[in-house]
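This one's a predicted model, so the numbers in the text were calculated from it and none came from an experiment. Here, residue 1 is the first one in the sequence, and each next residue gets the next number.
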Amino acid sequence: MMSIVERELELKLVLSPERSIPVPARLTYRTNDPYAVHIAFHIGSESPVHWTFARELLVEGVFRPCGHGDVRIWPTKVAGRSVICVALTSPDGNALLEVPSAAVAAWVERTLLVVPPGTESDRLGMDEALAELLAPLPADDLWLGDPWTAEESPSQDGEA
């Protein structure tokens with residue numbers, strides 16, 4: 001059975017050191033995709049902007065700087081508030097977001113209770129999927145059996 005852990009919150013999109021704008025977002029964690037977290041940013045367009053990255057990045061980013069490339073996360077204080085900064089890079093541009101630390105930490109904790117670290121692979125169902133993939137089908141008997149009956153057996157010298 002799949003479980004979903006979601007949290008609606010308001011992030012701040014940092015436009016400059018003096019200016020930021022609020023951005024509603026939804027954090028989503030699905031047990032059938034146990035290594036990933038999903039964030040949907042509602043930026044006033046017809047459809048939200050979606051990002052997916054490793055849950056481990058967010059788990060570590062609550063405590064210390066981590067990530068490189070497209071997603072970087074680090075904890076800090078801004079105007080006396082504890083926040084987690086999330087820097088996102090794509091071919092379309094860059095974004096720096098500030099997320100309330102307490103809200104993210106509580107949400108991350110909920111995901112860790114649902115799927116503890118180190119048990120993610122148990123949720124993937126790899127053994128069941130492989131067993132299903134490798135299970136013989138009724139038509140496989142045609143391929144596994146001898147295609148030649150004793151009377152139709154080809155001659156040893158190659159004549160029919």
Side-chain angles (χ1 to χ4, degrees), residues 1-140:
M1 181 175 98
M2 180 180 72
S3 295
I4 298 174
V5 179
E6 288 188 316
R7 173 79 193 248
E8 298 274 342
L9 45 90
E10 188 173 274
L11 314 176
K12 288 187 177 184
L13 175 61
V14 178
L15 302 175
S16 72
E18 303 82 30
R19 187 163 178 250
S20 62
I21 58 172
V23 176
R26 174 182 291 142
L27 295 171
T28 304
Y29 178 76
R30 297 180 188 96
T31 57
N32 68 342
D33 191 8
Y35 290 105
V37 295
H38 307 271
I39 302 178
F41 301 102
H42 303 279
I43 57 171
S45 62
E46 196 168 299
S47 59
V49 174
H50 295 274
W51 274 78
T52 301
F53 54 87
R55 175 175 74 158
E56 185 58 33
L57 270 178
L58 203 49
V59 170
E60 188 176 337
V62 168
F63 300 104
R64 66 188 142 273
C66 66
H68 52 81
D70 294 346
V71 180
R72 292 173 287 124
I73 302 173
W74 66 95
T76 192
K77 287 197 181 278
V78 174
R81 297 177 303 111
S82 292
V83 297
I84 295 170
C85 290
V86 178
L88 303 173
T89 302
S90 79
D92 295 327
N94 303 317
L96 176 60
L97 301 150
E98 293 176 356
V99 187
S101 289
V104 171
W107 181 80
V108 165
E109 183 64 30
R110 286 178 48 213
T111 74
L112 295 173
L113 290 172
V114 173
V115 178
T119 66
E120 294 91 350
S121 63
D122 299 343
R123 298 293 183 139
L124 295 176
M126 296 292 271
D127 292 336
E128 296 83 5
L130 279 173
E132 183 180 330
L133 195 64
L134 298 174
L137 298 172
D140 290 343

Taking every non-hydrogen atom, the tightest pair across [X] and [Y]:
| X | Y | answer |
| --- | --- | --- |
| Pro48 | Ala40 | CB-CB, 4.2 Å |
| Trp51 | Ser90 | CZ2-CB, 4.0 Å |
| Arg55 | Pro34 | NE-O, 3.9 Å |
| Gly69 | Thr89 | O-OG1, 4.1 Å |
| Gly67 | Leu57 | CA-CD2, 3.5 Å |
| Lys12 | Arg81 | NZ-NH2, 3.7 Å |

Please tell me if the side chains of [X] and [Y] come closer than 4.5 Å, counting only heavy atoms from C-beta onward.
| X | Y | value |
| --- | --- | --- |
| Glu98 | Leu11 | no |
| Leu58 | Trp107 | yes |
| Asp70 | Phe53 | no |
| Thr111 | Val37 | no |
| His38 | Tyr29 | no |
| Val99 | Val86 | yes |
| Leu96 | Cys85 | yes |
| Ile84 | Phe63 | no |

Q. Got a donor-acceptor contact below 3.5 angstrom from the Thr31 side chain to the Ser3 backbone?
A. yes

Exercise for the section: Dump the intermediate steps for side-chain contact (heavy atoms from CB on, under 4.5 Å) on Arg7 and Arg26, then the final yes or no. Expected result: CA-CA 6 Å; Arg7 173 79 193 248; Arg26 174 182 291 142; over 6 Å; no

Before you tell me yes or no, could you show the steps for Leu88 and Leu97 under side-chain contact (heavy atoms from CB on, under 4.5 Å), namely the whole-Å CA-CA distance, both residues' side-chain angles and the distance that decides it to 0.1 Å? CA-CA 8 Å; Leu88 303 173; Leu97 301 150; 3.8 Å; yes

